Structure formats: structure tokens, C-alpha cells
Amino acid sequence: MHQHHQHVLQLDIQGTPQAWISLQQAAVHIATGSVAWIDGDGPLATLRGGFNVASGRQSLIEVHPIIALRGASKLNLFDVVPGFTKAKLLRRDRMTCAYCGQRFQERELQCEHIQPESRGGGWTWMNLVAACGPCNNRKAARTPEEAGMPLLYLPYVPSRFESFLLEGRHIRADVHEWLSARLPKGSRLN
């Protein structure tokens, strides 16, 4: 079994992504009857379940790559801003410096505050872009206008579906397609 595809996308019953979970966690949901529906191009794995004493047979649990759980979601996930990480920001911005437009390796890029931190600019999706070291140093503690360095693209808050893609685990093709099909129109991930 490939290490890459051990994560199952857990949805609520409406199909909103909730979490990446392990095969074992998914198997528990399946065994306890909490899965409302499944999706994907067939099982990710078949796990061995419990023994049936009467028949002496061990049950098998097929785990699909996308499972939706019954019951109401605990919170409206569309009200939750996706968690911010540097890796997700750089993927959102396609590893491209917002000032010179060149593509870089992840380690050569920095999270750049559009409104400088020293002037109250926060660590938020809307105030951060990817920038290479030289551009970041040149812009220093100034706004893009003050530095005469216009942004080549604008920041945005990733949708819930984008955020799951941006986490950049090795996503099986069918799960990637499922998430991609639900991206907002203007998404850079399309």
C-alpha cells in the first residue's frame, strides 16, 4: 500500500471537507455505521476487521478515499478561515514572487507583509504574499506603493476546498479532481 495515499478526506453530510483522517479512523467510522456516503474511484485500502465467532471469519472493511459522515456538522465550516501556514501561502501563490514574478523553490521564498508588520500589518491571508529574498529586502518596511513595487497578483483567502488542496499531501487523482471541481471560479488552483 502506498504511503502517499493513506489519508481519507472526511466530509460532512453536505459534502464540506472537514479533515484528512487516517485509514484506521475511517475504518472506525465505517464499522460503526457513521458513514452516509462514499466517493472516489474505488477503495483506497481493505483493512481487516473483527472476527465473527460463529463463522470463524474475519470481516474486511473497504475504505474509500472520500467519506461523508452522518449527522449535522458541529460548526459552519464556511465561517472558519482556513489555518495559515507558510507552505500553504507559497502554494496559493504558486511559488511565485509577487514583486518580480519569478518562480522559486520553497526555501527561497518568504511570507511578505503587504502592509508592514511594524505598521500593524497582520499575519493574515489578505496581508501576505510570497516574495523572494531580494524583493522582500528591497521593499523593506514600506507599502508596495511607497516602494514603487506594485503587486503582480492579489492575495485572497482560500476557500475550504482550496485549503484542503493547498495542504499538499500526496492526494490521489480522484480526490484531487473531486476537490478541484468545487473550487471557486477565480481560484488560482484551477
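Predicted model, so just to flag it, every value in this text is computed and none were measured.
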Peer 1: Go through the steps for Trp125 and Phe84 under the test ring-ring contact (aromatic ring centres under 6.0 Å, His included), then give the verdict.
Peer 2: CA-CA 7 Å; Trp125 286 110; Phe84 180 84; 5.0 Å; yes
Peer 1: Applying side-chain contact (heavy atoms from CB on, under 4.5 Å) to Leu90 and Phe104, what does each step give before you reach the verdict?
Peer 2: CA-CA 10 Å; Leu90 299 184; Phe104 292 90; over 6 Å; no
Peer 1: In Å, rounded to the nearest 0.5 Å, how long is the span from SG of Cys135 to CG of Leu152?
Peer 2: 8.5 Å
Peer 1: Measure across Ile13 and Gly71 and return the closest heavy-atom pair with its distance rounded to 0.1 Å.
Peer 2: CG2-O, 3.8 Å
Peer 1: For the side-chain contact (heavy atoms from CB on, under 4.5 Å) test, which of Lys86, His113, Gln115 pairs with Leu128?
Peer 2: His113
Peer 1: Not counting sequence neighbours, list each pair that qualifies as a side-chain hydrogen bond (donor to acceptor under 3.5 Å, both in side chains) and has a residue in residues 24-34.
Peer 2: Ser22-Gln25, Thr32-Ser34
Peer 1: Hey, could you give me each pair passing salt bridge (charged side-chain N to carboxylate O under 4.0 Å, His left out) that has a residue in residues 119-141? Not counting sequence neighbours.
Peer 2: Glu112-Lys139, Arg119-Glu146
Peer 1: Quick one: does any side-chain atom of Arg182 pair with a main-chain N or O of Trp178 as donor and acceptor, under 3.5 Å?
Peer 2: yes
Peer 1: Thr46 and Glu62: which non-hydrogen atoms are nearest, and at how many Å?
Peer 2: OG1-CG, 4.0 Å
Peer 1: Classify the ring geometry of Trp20 against Phe164: parallel below 30°, tilted from 30° to 60°, perpendicular beyond 60°.
Peer 2: tilted
Peer 1: Is the backbone N or O of Pro158 less than 3.5 Å from a side-chain atom of Arg92, with the two atoms forming a donor-acceptor pair by type?
Peer 2: no
Peer 1: How close do Ala27 and Ile61 get, counting heavy atoms only, and between which atoms?
Peer 2: O-CD1, 4.0 Å
Peer 1: Verify, without hydrogens or angle tests, whether Ser180 (side chain) and His176 (backbone) share a donor-acceptor contact under 3.5 angstrom.
Peer 2: yes
Peer 1: Have Asp12 and Gln18 got a donor and an acceptor in their side chains that come within less than 3.5 Å?
Peer 2: no
Peer 1: Return the minimal non-hydrogen interatomic distance between Phe161 and Pro17, and the atom names on each side.
Peer 2: CE2-CD, 3.2 Å
Peer 1: For residues Leu47 and Leu23, report the shortest heavy-atom separation together with the two atoms involved.
Peer 2: CD1-O, 3.7 Å
Peer 1: Just by modelled atom types, is the Val35 backbone N or O under 3.5 Å from a matching donor or acceptor in the Arg70 side chain?
Peer 2: yes
Peer 1: Working to the nearest 0.5 angstrom, can you tell me the gap between Met149 CE and Ile114 CD1?
Peer 2: 12.0 Å
Peer 1: Any side-chain to backbone donor/acceptor pair from Asp93 onto Thr96? Under 3.5 Å, distance only.
Peer 2: no
Peer 1: Please confirm whether the backbone N or O of Asp174 pairs with a side-chain atom of Glu177, one donor and one acceptor, at under 3.5 Å?
Peer 2: no
